[in-house]
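Read the structure below first, then the notes.
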Amino acid sequence: MNPLRSRAEKIFKSLRATYPHVKTQLHFKNPFELLVATILSAQCTDKQVNIVTGTLFQRLKTPKDFSQVPLDTLEALIRPTGYFRNKAKSIKNCATALLEKYDGRVPDTLEEMVALPGVGRKTANVVLGAAFGVPGIVVDTHVARISQRMGFTENKDPVKIEFDLMEILPESKWSDFSLLLIYLGREFCTARKPDCPRCPVNRHCPWPEKTPLKK
DNA sequence: CTCCCGATAT
DNA sequence: ATATCAGGAG
């Protein structure tokens with residue numbers, strides 16, 4: 001009955017056909033590495049994150065390693081990802097908190113995750129979904145932009161968008177849908193120059209008609 | 001709301 | 001030159 005749900009289902013099916021095996025593009029070997037990589041991914045491409053973590057994880061492996069490394073050393077190691085001072089602090093404080101509160105393990109609930117320093121809902125849902133199989137909508141810049149263009153939400157606040165999307169999709173599809181939208185955002189529905197004619201779901205999207213000839 | 005910030009595409 | 005990239009904290 002809900003037209004939004006119906007459209008969301010169709011878009012999900014089309015995207016799934018286009019991208020059969022959805023998976024995070026971030027390289028990691030365990031939940032902790034994924035957590036670090038996701039913190040580094042703020043306002044940075046996953047490609048750049050993978051370059052940095054490739055060498056980073058050779059040098060530092062455990063939460064203990066990260067909690068003990070000098071801050072300026074960590075800053076130098078992650079500098080190419082941008083926001084390197086904030087991220088270095090977040091990662092180091094986060095590693096310390098994991099040691100103190102969870103004996104070095106990464107927790108598997110949203111409340112525990114977002115209580116960690118430098119971890120918000122986006123980062124938490126990425127790790128929960130990919131490392132623990134816990135359902136969650138990941139609202140990053142791509143998901144926010146595409147959700148607005150597709151008319152899934154009128155909101156700009158990421159938390160409101162997250163709840164709007166949770167309402168129009170079954171829980172079992174939250175994680176995959178997030179990843180599918182991110183793939184779409186990278187290849188077609190880009191921020192600056194969206195390639196609507198080639199978009200695999202343009203027939204289900206109201207946005208192309210809205211921007212006919214933007215000079 | 002502002003600040004943090006390097007790398008890349010346009 | 002400028003917009004944008006798997007955001008979060010104060």
Side-chain angles (χ1 to χ4, degrees), chain A residues 15 19 21-28 31-56 71-72 74-98 106 110-132 134-149 155-163 165 174-196 198 211 214-215:
Chain A
L15 288 177
Y19 308 105
H21 51 349
V22 288
K23 211 174 62 168
T24 172
Q25 294 300 103
L26 297 171
H27 298 169
F28 66 99
F32 178 67
E33 286 193 356
L34 177 58
L35 176 57
V36 173
T38 309
I39 291 174
L40 291 176
S41 71
Q43 294 297 295
C44 180
T45 59
D46 51 357
K47 186 178 172 185
Q48 187 68 20
V49 172
N50 289 333
I51 291 172
V52 167
T53 54
T55 57
L56 179 66
L71 197 55
D72 57 344
L74 184 54
E75 287 177 355
L77 286 167
I78 67 172
R79 181 164 36 81
T81 66
Y83 297 160
F84 61 90
R85 294 189 182 86
N86 286 345
K87 288 175 181 176
K89 266 181 230 166
S90 292
I91 291 168
K92 185 167 179 175
N93 292 338
C94 199
T96 304
L98 290 181
V106 177
L110 186 61
E111 301 109 288
E112 291 173 305
M113 290 282 296
V114 297
L116 297 168
V119 178
R121 298 182 67 91
K122 178 261 171 181
T123 299
N125 278 318
V126 167
V127 175
L128 290 171
F132 299 113
V134 176
I137 296 285
V138 176
V139 183
D140 69 338
T141 178
H142 292 301
V143 172
R145 178 181 68 251
I146 296 172
S147 295
Q148 289 167 14
R149 287 178 178 172
N155 288 307
K156 290 184 178 177
D157 174 18
V159 180
K160 290 181 180 174
I161 295 173
E162 183 184 334
F163 281 88
L165 291 179
W174 289 353
S175 297
D176 282 353
F177 190 70
S178 303
L179 286 168
L180 289 168
L181 287 192
I182 291 164
Y183 276 49
L184 184 70
R186 291 193 345 175
E187 292 194 31
F188 300 100
C189 199
T190 56
R192 282 214 229 177
K193 199 181 126 195
D195 192 357
C196 298
R198 292 189 183 180
T211 59
K214 191 84 189 280
K215 188 154 39 145

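So that the names make sense, note that chain A is the first sequence line, chain B the second, and so on, each numbered from 1.
Side-chain atoms of A:Thr123 and A:Leu35, non-hydrogen and from C-beta on, do get closer than 4.5 Å to each other. Residues A:Ile39 and A:Val119 have side chains in contact (heavy-atom distance under 4.5 Å, counting atoms from C-beta outward).
What separates CD1 of A:Ile39 from C1' of B:dC5 is a distance of 17 Å, to the nearest Å. Atom CG of A:Asp46 and atom P of C:dT4 are 18 Å apart (whole Å). Protein atom CG of A:Leu116 is 18 Å distant from nucleotide atom P of C:dG7, rounded to whole Å. The separation between A:Glu187 atom CD and B:dA9 atom C1' is 16 Å, rounded to whole Å. The CD1 atom of A:Ile78 sits 16 Å away from the P atom of B:dC4 (whole-angstrom rounding). Atoms CG (A:Leu40) and P (B:dC5) sit 13 Å apart, rounded to a whole Å. In this structure, the NZ atom of A:Lys87 is 8 Å from the P atom of C:dG7, given to the nearest Å.
Counting any heavy atom pair closer than 4.0 Å across all strands shown, A:Gln43 reaches a base atom. Backbone-only contact: A:Thr141 has heavy atoms under 4.0 Å from sugar-phosphate atoms and none from a base. Across all strands, A:Leu179 comes closer than 4.0 Å to base atoms (heavy-atom distances). Using a 4.0 Å heavy-atom cutoff across all strands shown, A:Thr24 reaches at least one base atom of the nucleic acid. Among the atoms of the strands shown, none is found under 4.0 Å from any heavy atom of A:Val49. Residue A:Arg192 is classed as a base contact, given a heavy-atom separation below 4.0 Å to a base.
Distances from the side chain of A:His142 to the nucleotides C:dG7, C:dA6, B:dT8 place C:dA6 closest. Of the listed nucleotides (C:dA6, C:dG7, B:dG6), C:dA6 has the atom at the smallest distance from the side chain of A:Ile182.
No option in A:Leu40, A:Ile78, A:Leu77 other than A:Ile78 meets the side-chain contact (heavy atoms from CB on, under 4.5 Å) test with A:Phe84.
Under the 3.5 Å distance criterion, the side-chain polar atoms of A:Lys122 are left unmatched by any main-chain donor or acceptor of A:Pro158. Between the A:Glu33 side chain and the A:His27 main chain, no donor and acceptor come within less than 3.5 Å of each other. A donor-acceptor contact shorter than 3.5 Å is absent between the side chain of A:Tyr19 and the backbone of A:Leu179.
Here, C:dA3 and B:dT2 have their P atoms 15 Å apart, quoted to the whole Å. Comparing the same atom, P, in C:dA6 and in B:dC3 gives a spacing of 24 Å after rounding to whole Å. C:dG8 sits 23 Å from B:dT8 when the P atoms are compared, rounded to a whole Å. Nucleotides C:dG10 and B:dG6 have their C1' atoms positioned 23 Å apart, rounded to a whole Å.
Using a 4.0 Å cut-off, some side-chain N or O of A:Arg145 falls inside it from OP1 or OP2 of C:dC5. Contact check, A:Ser178 against C:dA6: no side-chain N or O comes under 4.0 Å of OP1 or OP2.
Residue order along DNA chain C, read from the 5' end via each residue's closest nucleotide, puts A:Ala191 first among A:Asn86 and A:Ala191. Between A:Lys47 and A:Gly82, the residue anchored nearer the 5' end of DNA chain B, judged by the nucleotide with its closest heavy atom, is A:Gly82. With the nearest nucleotide of DNA chain C identified for both A:Val119 and A:Cys44, A:Cys44 has the one nearer the 5' end. Heavy-atom nearest nucleotides on DNA chain B were determined for A:Ile51 and for A:Arg85, and the one closer to the 5' end corresponds to A:Arg85.
The side-chain ring of A:Phe84 is not stacked on the base of B:dG6, judged by centre separation under 5.5 angstrom and plane angle under 30 degrees. Here A:Tyr83 lies parallel enough and close enough to stack on the base of B:dC4, with planes under 30° and ring centres under 5.5 Å apart.
The number of heavy atoms from other shown groups lying within 6.0 Å of CZ (A:Arg145) is above 12.
Between the side chain of A:Arg186 and the base of C:dA6, no donor-acceptor pair of N or O atoms lies under 3.5 Å.
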